[in-house]
Protein chains: 2
Amino acid sequence: MADVAAAAGVSAMTVSRALRRPDSVSAEVRARVEEASRRLGFVPSRVASALASARTMTVAVLIPSLTNAVFIDLLAGVQETLSPQGYQPMIGLTGYGPEEEERVLRMQLSHDPDGVILTGLDHTPGTWDLLRGLTVPVVHTMDLSVEGDLAAEGQDGGCGVQAVGFSQFDAGYAIGAHLAERGRRRIGLIAGQLDPRTRQRCDGWRQALRDAGRHDPALELMVPDATSVALGAELLERALAAHPDTDALFLCNDDLAQGALFQCARLGIPVPDRLAVAGFNDLAGSAWTLPPLTTVATPRRAIGVEAARLLIAGMEDRGPGRENPRRVDLGFRLMIRETT
Amino acid sequence: MADVAAAAGVSAMTVSRALRRPDSVSAEVRARVEEASRRLGFVPSRVASALASARTMTVAVLIPSLTNAVFIDLLAGVQETLSPQGYQPMIGLTGYGPEEEERVLRMQLSHDPDGVILTGLDHTPGTWDLLRGLTVPVVHTMDLSVEGDLAAEGQDGGCGVQAVGFSQFDAGYAIGAHLAERGRRRIGLIAGQLDPRTRQRCDGWRQALRDAGRHDPALELMVPDATSVALGAELLERALAAHPDTDALFLCNDDLAQGALFQCARLGIPVPDRLAVAGFNDLAGSAWTLPPLTTVATPRRAIGVEAARLLIAGMEDRGPGRENPRRVDLGFRLMIRETT
DNA sequence: CTGTTAGCGCATTCAT
DNA sequence: ATGAATGCGCTAACAG
């Protein structure tokens with residue numbers, strides 16, 4: 001920067017200003033600085049800038065995994081919103097574990113991010129401690145649960161928690177109610193990857209069936225494994241073997257549902273005539289299965305975009321306190337297609 | 001750090017040492033420092049560390065997009081390898097455009113990464129310039145093409161280029177040869193997302209058909225759009241409408257192939273009896289389609305892991321020059337299933 | 001094995 | 001609108 005300053009015949013400070021806020025210097029000086037800067041191939045050091053200004057222009061983004069398309073979409077929304085503003089997302093992978101999340105968060109915080117985006121509201125007390133100690137904005141995503149909510153408020157010491165997402169419970173309820181409305185009587189559940197959000201969906205589904213007077217716990221098949229097409233195929237077979245009279249199934253993620261659909265075709269089980277099938281998330285391809293899959297479309301990308309927006313708002317205004325607690329519900333859409 | 005030093009009764013320098021290389025201080029001092037550090041909740045500032053030591057512990061990772069599972073897998077391999085070593089990947093999205101790649105790279109470089117991982121070998125001259133000017137290791141991935149290779153060597157001024165991947169051309173050739181061996185005579189091609197790697201696959205396929213004396217350019221359907229299940233379904237219909245006698249199809253990515261398979265089922269076209277179908281990449285679900293999809297399994301994750309390993313090797317030894325140019329071919333596997 | 005000195009490259013704060 | 005002085009928090013280099 002000193003070299004550029006010398007070349008432009010100004011002080012280093014003026015170079016710094018000219019490059020960051022061009023209209024804070026005279027037009028003539030600006031031109032000279034820009035020319036010199038370009039000619040010398042000057043690239044400002046963000047590290048030095050960060051140390052001097054206490055702004056790293058990075059944002060910590062913690063998600064459970066890269067193998068679930070849901071979080072990729074979330075990430076894409078975050079990235080496309082932060083990047084144009086000059087912020088660099090730093091990905092942290094928690095592997096669905098609150099303890100690992102705390103560990104990863106600790107690592108990320110050592111980079112002094114200007115903001116933090118987390119998945120879910122289920123964090124360790126240690127994580128809540130860390131978050132409470134931060135002076136930068138924090139946004140939680142994907143989860144808006146009432147229980148988690150209250151717990152969060154409590155944990156966060158009444159300081160308020162920003163969250164963007166939708167009600168997993170309500171979405172699960174919607175699917176359950178839809179299946180019941182279709183006149184199905186033996187409605188089963190297949191779930192994998194039992195994180196809190198999956199559980200809430202299942203809770204919603206269960207409540208809907210109870211409200212319809214058709215809940216049978218025996219028809220619930222829940223396993224801890226990561227969801228996949230292969231697992232869906234396998235679990236469908238297991239579920240039907242155990243309860244051949246099942247006439248509808250809710251699978252907690254579309255990859256499971258797609259696998260189940262393939263397996264139905266293989267086994268010659270007519271869908272939806274003999275078995276109705278519903279998925280969750282409306283993942284790629286779900287509109288094209290045979291028959292097209294009934295599912296719940298979730299606004300993952302939009303959640304990422306909105307979370308990033310809130311964060312930017314909080315990072316821009318360098319006001320004294322943290323901004324107002326806030327909750328953004330982006331809803332969901334029941335996609336009734338042909339498997340139900 | 002000064003506070004920790006005071007609490008432990010040592011100098012700040014000793015705290016720094018005790019925390020970074022515990023065995024460089026006496027056991028007693030180490031214990032005192034660790035205790036004080038923990039008690040005060042000290043988290044070293046990486047920004048300051050970076051400025052003082054000229055090592056940011058970050059790595060720039062440039063990929064075309066987050067919507068193609070191939071690059072997610074690559075990214076996962078990179079992340080799982082870098083993260084345990086304390087390196088933080090910084091994702092940059094190029095949108096498949098060399099110009100955008102250069103722009104993004106410039107941004108990333110302002111963060112002073114300790115290493116750079118890129119996708120492909122097709123970069124702008126400006127990008128090559130930037131890379132040549134770096135003193136940190138650079139690894140290119142996914143592409144090992146001879147042409148790109150030579151170009152790269154030229155561009156890089158004989159300095160040598162590190163690349164990890166497989167031969168897209170050979171993989172395409174393998175699929176073409178397989179289809180020909182199966183006795184198919186009217187073998188078509190459907191391709192989207194026409195980046196250099198896709199083109200090389202197509203080139204390989206084309207060469208195989210020529211070698212078999214069965215290449216008909218009329219059966220090639222290439223569109224610039226991003227690949228997807230929906231696009232596969234649509235293009236299958238278009239291809240068959242234009243050339244009803246087609247008896248085999250290579251689709252340049254599995255999502256296209258899965259869509260094509262769905263559409264065949266809808267149109268009542270027996271696979272493989274009337275039409276053989278082959279995909280590429282062996283994406284999730286391809287082993288479960290009806291019938292299971294013949295495709296080429298590509299080592300995306302392994303490429304990410306190996307690229308990160310090479311990078312780490314280069315970053316650890318702070319030797320004078322860049323390490324030896326090197327090329328790592330991780331190969332591919334033809335997965336013959338039932339669609340051919 | 002430990003401490004001292006100096007400086008990484010900027011931006012904040014104040015002065016002009 | 002521009003410049004000078006100062007320090008961000010840590011580590012390299014050297015001394016002891």
Side-chain angles (χ1 to χ4, degrees), chain A residues 1-34 36-37 40-58 86 88 107 109-114 135-136 315-316 318, chain B residues 1-34 36-37 40-58 86 88 107 109-114 135-136 315-316 318-320:
Chain A
M1 190 179 265
D3 292 349
V4 175
V10 294
S11 74
M13 198 53 245
T14 299
V15 173
S16 174
R17 276 196 275 256
L19 262 25
R20 284 179 306 150
R21 309 193 305 120
D23 47 288
S24 70
V25 299
S26 71
E28 187 205 4
V29 165
R30 186 189 323 146
R32 288 216 312 273
V33 169
E34 276 167 2
S37 174
L40 300 182
F42 174 62
V43 180
S45 159
R46 292 219 186 211
V47 192
S49 168
L51 187 59
S53 68
R55 309 197 80 225
T56 56
M57 297 304 283
T58 64
Q88 176 64 238
M107 265 235 103
L109 290 185
S110 73
H111 286 276
D112 274 327
D114 290 339
T135 61
V136 298
M315 295 186 300
E316 306 288 63
R318 309 295 282 161
Chain B
M1 189 178 266
D3 292 348
V4 176
V10 295
S11 74
M13 195 58 240
T14 299
V15 174
S16 175
R17 277 196 276 254
L19 262 24
R20 284 179 305 151
R21 310 191 307 120
D23 46 288
S24 70
V25 300
S26 71
E28 188 206 3
V29 164
R30 186 189 322 146
R32 288 216 312 274
V33 169
E34 277 168 1
S37 173
L40 300 181
F42 174 61
V43 180
S45 159
R46 292 219 187 212
V47 193
S49 168
L51 186 60
S53 68
R55 308 198 81 225
T56 56
M57 297 303 283
T58 64
Q88 175 65 238
M107 266 235 104
L109 290 185
S110 73
H111 285 276
D112 275 327
D114 290 339
T135 60
V136 298
M315 295 186 299
E316 306 288 63
R318 310 294 282 161

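Below, chain A is the first sequence line, B the second, and so on; all start at residue 1. Since the structure is predicted, the reported quantities are computational estimates derived from the model, not experimental observations.
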*Asks:* What's the CZ-C1' distance between A:Arg55 and D:dG9, to the nearest Å?
*Replies:* 19 Å
*Asks:* Only counting residues at least two apart or in another chain, list the ones meeting side-chain hydrogen bond (donor to acceptor under 3.5 Å, both in side chains) with B:Ser110.
*Replies:* A:Arg46
*Asks:* Taking side-chain hydrogen bond (donor to acceptor under 3.5 Å, both in side chains) as the test, write out the residues that go with B:Ser11, two or more places apart.
*Replies:* B:Thr14
*Asks:* Could you report the tightest heavy-atom contact between A:Asp114 and A:Ala54, atom names first, then the distance?
*Replies:* OD1-O, 4.2 Å
*Asks:* Could you check if a side-chain atom of B:Gln88 sits within less than 4.5 angstrom of a side-chain atom of A:Met107, using non-hydrogen atoms only?
*Replies:* no
*Asks:* First and last nucleotide of DNA chain C in contact with chain B, 5' to 3', at under 4.0 Å to a heavy atom: what are they?
*Replies:* C:dC1 to C:dG9
*Asks:* Is the shortest side-chain heavy-atom distance between B:Thr58 and A:His111 below 4.5 Å?
*Replies:* yes
*Asks:* Mind checking what makes side chain to side chain contact (heavy atoms under 4.5 Å, CB included) contact with B:Ser49, not counting sequence neighbours?
*Replies:* B:Ser53
*Asks:* Heavy-atom contacts under 4.0 Å between residues 10-34 of chain A and DNA chain D, which residues?
*Replies:* A:Val10, A:Ser11, A:Met13, A:Thr14, A:Arg17, A:Val25, A:Ser26, A:Val29
*Asks:* Any salt bridge (Lys or Arg N to Asp or Glu O under 4.0 Å) pairs touching residues 10-30 of chain B, not counting sequence neighbours?
*Replies:* B:Glu28-B:Arg32
*Asks:* Nearest to the side chain of B:Ser45 - D:dG9, D:dA12, D:dC8?
*Replies:* D:dG9
*Asks:* Search all heavy atoms of B:Ala7 against all heavy atoms of B:Leu40 and return the closest pair with its distance.
*Replies:* CB-CD1, 4.2 Å
*Asks:* In whole Å, what is the span from the CG atom of B:Leu51 to the P atom of D:dT11?
*Replies:* 11 Å
